[in-house]
Amino acid sequence: MAEIKVDCTGETCPVPLVETRKALRKAKEGDIVEVTGTHPSSKKEIPMAVKALGLKLLDIKEKGGVWKIRIRR
Amino acid sequence: MAEKVTIIAHSGDMDKVYSALIIGNGALAMGMEASLFFTFWGLQRLKKGGLEKGPLSKMNMLGLGKWMVKRKMKRVGVVSMERLIQDFKELGGKILACDMTMEIMGIKKEDLREDLIADYCAVGTYLSEARESKITLFI
């Protein structure tokens, strides 16, 4: 199983959401997608998209304004 | 079947086309289907080289306002409309062009970004898509 990293640091709406979706589309079942970013609303909205897509949110971490979200496809 | 968003892009104003593209991309990112129906002034933006040409809907001030807003957008990190429209296509979004507008304004297929357009159609196509959509917007 692969781990795919997506860096959206400094990006704003709607890029973190769109890049997350692109990575999830390319990922195979069981792969983990890790998204890093700084856009505050995306930290709330990526989990909403994960739920809507019926995927598993593994964890959300934030340190100094930089968040990391891990998703299992 | 996935839930769907159908958006009419009637305005060709830069800020409104941005809204249409951002909402369309957001919908696709959240697992919905999305169709963008370009008509009237909106269709002008699908002309070759026309995507970024729209004025600002308010305070355009002969382009000065647009220039200021674009500069600010760049600083904040907003991506270009070209990037948004390419992402929209990549995520499976459908772009439709109104053929009546093409007739009225004398626009030929070869004047338009045929690489982006999935189909050329009229009100019937919009309604058959809209009636099965959860969300439909007129921008």
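Every chain is numbered from 1 and lettered A, B, ... according to where its sequence line falls, protein lines coming before strand lines.
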**Request:** Sort A:Val18 into side chain, backbone, both or neither according to what part of it lies under 4.5 angstrom from a heavy atom of chain B.
**Result:** both
**Asked** So what's closer than 4.5 Å to chain B heavy atoms on A:Glu19: side chain, backbone, both or neither?
**Response**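 Interface part for A:Glu19: side chain.
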**Message:** For the backbone of B:Thr6 and the side chain of B:Ser35, can you confirm whether one donor and one acceptor N or O come within less than 3.5 Å of each other?
**Reply:** no
**Request:** Tell me, please, which residues at least two apart from B:Tyr120 pass ring pair (Phe, Tyr, Trp, His ring centres under 6.0 Å).
**Result:** none
**Asked** Between B:Glu90 and B:Gln86, does any side-chain donor sit less than 3.5 Å from a side-chain acceptor?
**Response** no
**Item:** Contacts of residues 20-42 of chain A with chain B (heavy atom under 4.5 Å)
**Value:** A:Arg21, A:Lys22, A:Arg25, A:Lys26
Tell me whether [X] at atom [atom1] has more than 12 heavy atoms from other residues, nucleotides or ligands lying less than 6.0 Å away.
X: B:Lys48; atom1: NZ; value: yes
X: B:Lys16; atom1: NZ; value: no
X: B:Met59; atom1: CE; value: no

**Message:** Checking salt bridge (charged side-chain N to carboxylate O under 4.0 Å, His left out) between B:Glu52 and each of B:Arg45, B:Arg83, B:Lys70, which is the one that passes?
**Reply:** B:Lys70
**Prompt:** For the candidates A:Ala52, A:Gly10, A:Pro14, which exhibits the highest count of non-hydrogen atom pairs separated by less than 4.5 Å from chain B?
**Reply:**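 Option with the top pair count is A:Pro14.
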**Prompt:** Taking all non-hydrogen atoms of both residues, which atom of A:Pro16 and which atom of A:Trp67 are closest, and how far apart?
**Reply:**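 Scanning both residues, the minimum pair turns out to be CB-CH2, 4.3 Å.
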**Under 4.5 Å from a heavy atom of chain A, the part of B:Leu84 involved** =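 Contact with chain A is through the side chain of B:Leu84 alone.
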**Prompt:** Is chain A contacted by the side chain of B:Val78, its backbone, both, or neither, given a heavy-atom distance below 4.5 Å?
**Reply:**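 Backbone plus side chain of B:Val78, per the 4.5 Å heavy-atom cut-off to chain A.
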